[in-house]
Amino acid sequence: MKDKIHELLVSAINDLYESKDLSIEIVKTKSEEHGDWSSNIAMIEAKKRGENPKELAKKIINSFSKEDWIEKIELAGPGFINFFLSKKANLKYLKELLDNKESFFPYKEKNKKNILIEYVSSNPTGPLHVGHGRGAAFGSALSYLLKKSGNKVTEEYYVNDQGLQTKILADSVHMKYLEKFNIDTSKIDSTNFYKGSYIDELASKIKNLKKDTFIKIKNEKEFIDLIINEMMLGIKETLNNFKVNFDSFFSESYLYDKKANKIREVLEDLKSDHSFEKEGALWFKSTKFGDDKDRVLIRSDNQETYFLSDIAYHKDKFQRNYDELINIWGSDHHGYLPRVKAAIEALKLNPENLKTIFIQFVSLIKKGKKISMSTRSADFVTLNQLLEEVGVDAARFFYLTKKSDQALEFDIDLAISQDKNNPVYYIQYAYARICSLEKELKKREMIFDLKEGIDNLDLLENKSELEIISSLEDYKIIIEQCCKNYEVHPICFYLRDLASKFHSYYNSETIINDDQKLRNAKFTLLLAIKKTIKSGMDVLIIETPEKM
RNA sequence: CUCCUGGUAGCUCAGCUGGAUAGAGCAUCUGCCUUCUAAGCAGAGGGUCGCAGGUUCGAAUCCUGCCCAGGAGGCCA
């Protein structure tokens, strides 16, 4: 409908004067006094042209051609143009939705892109915790959304299986491993070691698998690979439980691979123009590209920094020919972005093609109190523990319900509750209720005729029905907005709202009645609600059970 | 000290690319189950949109300053 009004406005204005770069905003109105749709174009244009907005609006309205789908057009307030649509026009979207039998999705991107989205990428030095869960939920939902709207999306996890932290992990496990053979480890400096119980469990596992072969480590790489592999198995299992599935896992160590030689390549790229040696280290002159200070690529002890391999990783991503790269990072990395962008520019790649989304912290609330967390001391709640406690659906919904760049307080008690307080259950309940109505219909030996329903949609004319018809079309707007802004939380709010409208409708009147035409029309509306809830929940990757 | 986020109802948050009377949920109070799932519904109260200026027909939304909270500023990752 919006598109049709848009067309109408453009042609009306073009009839009046030559107009360049018209950006017309059309919004659904909040109150019915203002009609169905409204545009402020007259006020915007009047400002540009130094005219009186009301006068201009009047002229625009007068130059509209008569259309049967418009009941009336009004000038209101300081210059709004309000469109009152005929009933038929309001049913247009509904019919589209219902005609589309298979996978219904209301929005398709005009310029389809090939996108690489990288998220989670948690260091394999410990299990995933509740903070990672948020990035995982968001990344997977956003990927689904972008896929559904017509893009090609590859989901990637970058595995930091190289460098200092990895070494510390290996040492941590090795010490525990030695203890299992009653070997004295008191001389080992373990202040920086990882301390969680998973270290001990991993040591036991390795003892079982490999017996005493690693008491004296001959091949450190073999030991590290074994440990990383075990850690990643655990992480993948958790992700899998959480309905997060990656297309690819990219190893940092690949960048150091002698054949691939990605690190050397980047050093060559940067060497002549953009790097210098100081105090025995090799630096990247990132200040040349807007960063606060220059950054070290190779430390004075000859170790490559994480930053260096990250440049190589980004270069590799760019070379894989995607139209767009998306990074989903924890917000504690936001200071890291300028140097990465600097490196990208230095490599003569286009930083515009890299979009970084930051995910804020998560704190857990239980019985009204905050649970404190810190990764190093292993004083954290793992994602597995959270999933066990609240379930996958509730966890995903609560993670996604808030704008991603805003800190999240995750209320465990609310997530567990199974009543209307809990939005997940509330939405799922609406879906299940519709399914239950369909079953009841069959039980009473009545047959649902979709065609008859569609033909009789105009029988639906009470207030809650008209409201639902209108808000079903909102879904399209919400999805479009989410695709544009790379966000998903509006879907959560929308679904709760739609569910609420349905529950209200359900309570206000009996759906199953003896008037066949009306009944089919009502069930057609229910089907539309059902499809919309399903579609939205699919984006969030949350189940819609038929029975609760 | 510098930079980044945020400050909206008692609580948790939407709204922020300027639009018409600022919205949800929770919590509180009052009603509704012999009828399709009460895991539900109907109704009520609750606001100086952190403070002060500015921009304009119009500001929660944009700009400036200040206050408060959290985060970032390694040859860690």
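By convention in this document, chain letters (A, B, ...) are assigned in the order of the sequence lines, proteins followed by strands, and residues within each chain are numbered from 1. All figures in this text were calculated on a predicted structure; none of them were measured in a lab.
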TODO: Counting heavy atoms from C-beta on, name the nucleotide in B/rC36, B/rG58, B/rA72 closest to the side chain of A/His334.
DONE: B/rA72

Task: Gap in Å between the two C1' atoms, one belonging to B/rA42 and one to B/rC33, rounded - done: 14 Å

Task: Rounded distance in Å - NZ (A/Lys547) to P (B/rC36) - done: 17 Å

TODO: Name the closest nucleotide to the A/Arg295 side chain, picking from B/rC36, B/rU21, B/rG74.
DONE: B/rG74

Task: B/rU12 to B/rG19 separation - C1' atoms, rounded to the nearest Å - done: 28 Å

Open item on the list: Using whole Å, what does the distance between atom C1' of nucleotide B/rC3 and atom CZ of A/Arg339 come to?
Closed with: 13 Å

- [ ] Take A/Ser38 and A/His503, find for each the nucleotide of RNA chain B with the closest heavy atom, and name the residue whose nucleotide sits nearer the 5' end.
- [x] A/Ser38

- [ ] For nucleotides B/rA14 and B/rA9, find the distance between their P atoms and express it as a whole number of Å.
- [x] 12 Å

Task: Glycosidic conformation of B/rC67, taking syn as within 90° of 0 and anti otherwise - done: anti

Open item on the list: For A/Lys484 and A/Asn160, find the nucleotide of RNA chain B closest to each by heavy atoms; which residue's nucleotide sits nearer the 5' end?
Closed with: A/Lys484

Open item on the list: On the nucleotide B/rG15, are OP1 or OP2 found under 4.0 Å from the side-chain N or O atoms that A/His489 carries?
Closed with: yes

- [ ] Can you tell me, in whole Å, how much space there is between the P of B/rG46 and that of B/rA69?
- [x] 31 Å

Open item on the list: Would you measure the distance from the C1' atom in B/rA77 across to the matching atom in B/rC11 and give it in whole Å?
Closed with: 37 Å

- [ ] Nearest whole angstrom, please: distance from the P of B/rU35 to the CD of A/Glu440.
- [x] 12 Å

- [ ] Considering only atom P, compute the distance from B/rU64 to B/rG6 and round it to an integer number of Å.
- [x] 14 Å

